Novice: 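Have a look at the structure that comes next, please.
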There are 2 protein chains.
Amino acid sequence: MAQVTAQALDQALRERGLRATPQRRSVLRAVTELGHATPEEVCDFVQTESAEAGSVNLSTVYRALELMEKIGVVSHTHLTHGSPTYQVASHVNHLHLVCRGCGSITEADLELAHPLAEAVRHSSGFETDLAHLSLHGLCGGCRDGERDEARGGTREQER
Amino acid sequence: MAQVTAQALDQALRERGLRATPQRRSVLRAVTELGHATPEEVCDFVQTESAEAGSVNLSTVYRALELMEKIGVVSHTHLTHGSPTYQVASHVNHLHLVCRGCGSITEADLELAHPLAEAVRHSSGFETDLAHLSLHGLCGGCRDGERDEARGGTREQER
DNA sequence: CTGGATGCAAAAGATTTGCAAGGTG
DNA sequence: CACCTTGCAAATCTTTTGCATCCAG
C-alpha cells in the first residue's frame, strides 16, 4: 500500500513512467492534511496553507486526484450529495459516518466492517473495497431532534 | 413505511398537504420499474415507457425525487462517480455491490449488513440508514482481470 | 378560487477537454 | 531533447432557480 510521503509518491509515479511534479506533491499534501476533502477544498488549501508553493489549477487537481487514485495513493468516497471527497489511501483505517441531520462526518473503526466484507465475499464473490465505505444515517444527537419534524425536516444544513 | 402504489403515494402526499399530480406518479412508477435510476434515467423512462402519460420536465423529476425522498417514499445512493440513483424505499431489502471494474451493479442480502449497523450503533450511537448503503469494489470476474493492468486499467466503461 | 406544482429558460456548479507553453527525467 | 504536465479557457454535464401559467383540492 502506497505511503503518504512525498518521496513515496515520487517513487510510485516514476515506477510507472509518470512524473513527480510539485503540483502533485501539493495535492497529496493537501489531501493528507485535510483528512478528506473535495477537489475544490484541495485547491483552496494549496493556495492558502501552501501559499509558498504557489497555486495549482483546479483542473490539475482533478487530474492529479484521478491519477493518484489510479495508482492507489488516494481513494474517494461520496460523503454527501455534492462532490466526492478524497483521502490518503493509507489513512483508510476507519469508516465514515455521515449524518444526514447535521451533516457531520465522524469516524468509526473499520474493523467493524470486516465481517460484512467477509460475508459479501462469500455470498457473492465480490471483493469489497473498504476504502470507499461510508455509512449514512443519523448521529446520536440528531436522532433525538428527528422526532418532532416528521415531515418538514431533516435539513439543518443539508446543503 | 410508505408503499409503492400510486394510491399510497397520493395518500402520503395529501397527508402532508401536498398534491398528488400525474407527474409525481409517473416519476414514482419509473423509479419502481427501473429499480434504481438516476434523475435523467427516470426522465427518459417517463418519456419512453410511459409515453401515453406525456413527458415530465427534468427539473420536475428532480423536485419530485427530492420530495418523495423527504416523505420516505424513495431513497437515494451514490453508486458511481456520476449522478445519484434513486430507488423505491420499500424495495430497499438488499445492498448494492458496485464494481469499479465493469461498472456492474449487483445486489446482496441486506441481512449481511445488520451486524455492522448494530456494531456502529453501539460504538458510536450512530443510526445507520441501510437504504443508502452501497459497497464498492470488484466483482468476481473483474478481480481476475485486474492482475495485469496495475496502472492503465480499471475502466472498462467507467463513464 | 387558492396555493402548491409544472415547464421553460437561464443561472449556477462541477468536471472534462483541447492546446500551446513549460518542466522533468 | 522527448514527452508528460500544466494552465487557461471553452465546452459539457448536472442540478437549481425564478417566474408566469396551470391545476388539484
Side-chain angles (χ1 to χ4, degrees), chain A residues 6-7 9-28 30 37-44 46-47 50 53-71 73 76-86 151-152 155 158-159, chain B residues 6-7 9-28 30 37-44 46-47 50 53-71 73 76-86 151-152 155 158-159:
Chain A
Q7 294 77 349
L9 172 64
D10 289 12
Q11 188 192 327
L13 289 170
R14 280 192 275 253
E15 273 174 7
R16 295 155 222 258
L18 301 171
R19 289 180 186 171
T21 66
Q23 288 89 337
R24 287 174 179 170
R25 292 195 198 94
S26 291
V27 170
L28 175 59
T38 63
E40 186 127 24
E41 291 168 340
V42 166
C43 193
D44 290 347
V46 172
Q47 306 192 293
S50 301
S55 65
V56 176
N57 192 69
L58 221 205
S59 55
T60 299
V61 171
Y62 274 98
R63 289 189 278 226
L65 289 173
E66 182 183 352
L67 180 74
M68 296 202 283
E69 177 159 44
K70 198 185 312 185
I71 64 178
V73 177
H76 82 274
T77 312
H78 284 284
L79 259 29
T80 70
H81 234 170
S83 310
T85 63
Y86 288 79
R151 46 82 87 63
R155 39 188 49 224
E158 194 163 278
R159 185 137 294 267
Chain B
Q7 293 78 348
L9 171 64
D10 288 11
Q11 187 192 325
L13 289 169
R14 282 191 274 253
E15 273 173 7
R16 295 154 224 257
L18 300 171
R19 291 179 183 170
T21 65
Q23 289 86 339
R24 288 175 178 170
R25 293 196 198 93
S26 292
V27 170
L28 175 59
T38 63
E40 186 127 24
E41 290 169 340
V42 168
C43 193
D44 289 347
V46 173
Q47 305 193 293
S50 301
S55 65
V56 175
N57 192 69
L58 220 204
S59 55
T60 298
V61 172
Y62 274 98
R63 289 188 278 227
L65 289 173
E66 182 183 353
L67 180 75
M68 297 201 282
E69 177 158 45
K70 196 185 314 185
I71 64 177
V73 177
H76 82 274
T77 312
H78 285 283
L79 259 29
T80 69
H81 233 173
S83 310
T85 63
Y86 288 80
R151 47 83 87 60
R155 39 187 50 224
E158 194 163 277
R159 184 135 291 269

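It should be emphasised that the depicted structure is a prediction, and the values quoted were computed from it without experimental measurement.
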Novice: To the nearest 0.5 angstrom, please state how far the CZ atom of B/R19 sits from the CG atom of B/D10.
Specialist: 13.5 Å
Novice: If we count only N and O atoms by modelled type, under 3.5 Å, do the side chains of A/E15 and A/Q11 hold a donor and an acceptor together?
Specialist: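 A pair is found: one side chain offers a donor N or O, the other an acceptor, under 3.5 Å apart.
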Novice: Enumerate all atom pairs, one protein N or O and one N or O from nucleotides 9-14 of chain C, separated by less than 3.5 Å.
Specialist:
from	atom 1	to	atom 2	distance (Å)
C/dA14	OP2	A/E40	OE1	3.4

Novice: Starting from P on C/dA5, measure out to CG on B/L13 and report it in whole angstrom.
Specialist: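 Rounded to whole Å, this separation is 8 Å.
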Novice: Using atom CD1 of B/I71 as one end and atom P of C/dA5 as the other, report the distance to the nearest whole Å.
Specialist: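 From B/I71 CD1 to C/dA5 P: 10 Å.
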Novice: Report the distance from atom CG of B/L67 to atom C1' of D/dT16, rounded to the nearest whole Å.
Specialist: 16 Å
Novice: Determine whether B/L65 and B/E69 satisfy the following criterion, side-chain contact (heavy atoms from CB on, under 4.5 Å), listing intermediate values before the conclusion.
Specialist: CA-CA 6 Å; B/L65 289 173; B/E69 177 158 45; over 6 Å; no
Novice: Rounded to the Å, how far apart are B/L9 CG and C/dA5 P?
Specialist: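 Those two atoms, CG and P, are 12 Å apart.
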Novice: For the backbone of A/T60 and the side chain of A/Q23, can you confirm whether one donor and one acceptor N or O come within less than 3.5 Å of each other?
Specialist: no
Novice: Measure the distance from CG on A/D10 to P on C/dG25 and round it to the nearest whole Å.
Specialist: 7 Å
Novice: Enter the distance from A/L28:CG to A/S26:OG here, rounded to the nearest 0.5 Å.
Specialist: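 It comes to 9.5 Å.
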Novice: Check A/A30 against A/V46 and note the closest heavy-atom contact, atom names and distance.
Specialist: CB-CG2, 4.1 Å
Novice: Side-chain N or O of B/T21 less than 4.0 angstrom from OP1 or OP2 on D/dC23?
Specialist: no
Novice: Between the side-chain atoms of B/R16 and the base atoms of C/dG4, is any donor-acceptor pair under 3.5 Å?
Specialist: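 A donor-acceptor contact between them is absent.
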Novice: Any idea how B/H78 and A/H78 line up, ring-wise: parallel (<30°), tilted (30 to 60°), or perpendicular (>60°)?
Specialist: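 Judged by the thresholds at 30° and 60°, the geometry between B/H78 and A/H78 is parallel.
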Novice: By nearest nucleotide on DNA chain D, pick out whichever of B/R19 and A/L58 is the more 5' one.
Specialist: A/L58
Novice: When the distance from OH of B/Y86 to C1' of D/dT14 is rounded to whole Å, what number comes out?
Specialist: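 For the pair B/Y86 OH and D/dT14 C1', the rounded distance is 12 Å.
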Novice: Which pair of heavy atoms, one from B/C43 and one from B/N57, lies closest together, and at what distance?
Specialist: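 That would be SG-C, 4.5 Å.
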Novice: In degrees, rounded to 10°, what is the bend between the two ends of the helix from C/dC1-D/dG25 to C/dG25-D/dC1, using five pairs at each?
Specialist: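 What I find for the helix from C/dC1-D/dG25 to C/dG25-D/dC1 is an axis angle of 40°.
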Novice: Looking only at side-chain N and O atoms, does A/Q23 come under 4.0 Å of OP1 or OP2 in D/dG7?
Specialist: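 For D/dG7, OP1/OP2 do have a side-chain N/O of A/Q23 under 4.0 Å.
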Novice: Does A/R63 contact D/dG7 through a side-chain donor or acceptor facing the base, at a distance under 3.5 Å?
Specialist: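 Yes, the side chain and the base share a sub-3.5 Å donor-acceptor pair.
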Novice: If you compare every side-chain N and O of B/R14 against the phosphate oxygens of D/dG25 (OP1, OP2), does one of them come in below 4.0 Å?
Specialist: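 True: B/R14 side-chain N/O within range (under 4.0 Å) of D/dG25 OP1/OP2.
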Novice: Which whole-number value in Å describes the distance from A/E66 CD to D/dT6 C1'?
Specialist: 15 Å
Novice: Ignoring backbone atoms, establish whether B/R24 has a side-chain N or O less than 4.0 Å from OP1 or OP2 of C/dA5.
Specialist: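 It does, given that an N or O in the side chain of B/R24 lies less than 4.0 Å from OP1 or OP2 of C/dA5.
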Novice: Whole-Å distance between C/dG7 P and B/Q47 CD?
Specialist: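 Taking CD of B/Q47 and P of C/dG7, I get 10 Å after rounding.
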Novice: NA contact type, B/A64, heavy-atom cut-off 4.0 Å: base, sugar-phosphate, or nothing?
Specialist: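 Touches nothing.
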Novice: For A/L67 and A/L13, what are the C-alpha separation, side-chain angles and deciding distance, and is it a side-chain contact (heavy atoms from CB on, under 4.5 Å)?
Specialist: CA-CA 9 Å; A/L67 180 74; A/L13 289 170; 3.8 Å; yes
Novice: Has the side chain of B/R24 got a donor or acceptor atom that lies under 3.5 Å from a matching backbone atom of B/M68?
Specialist: no
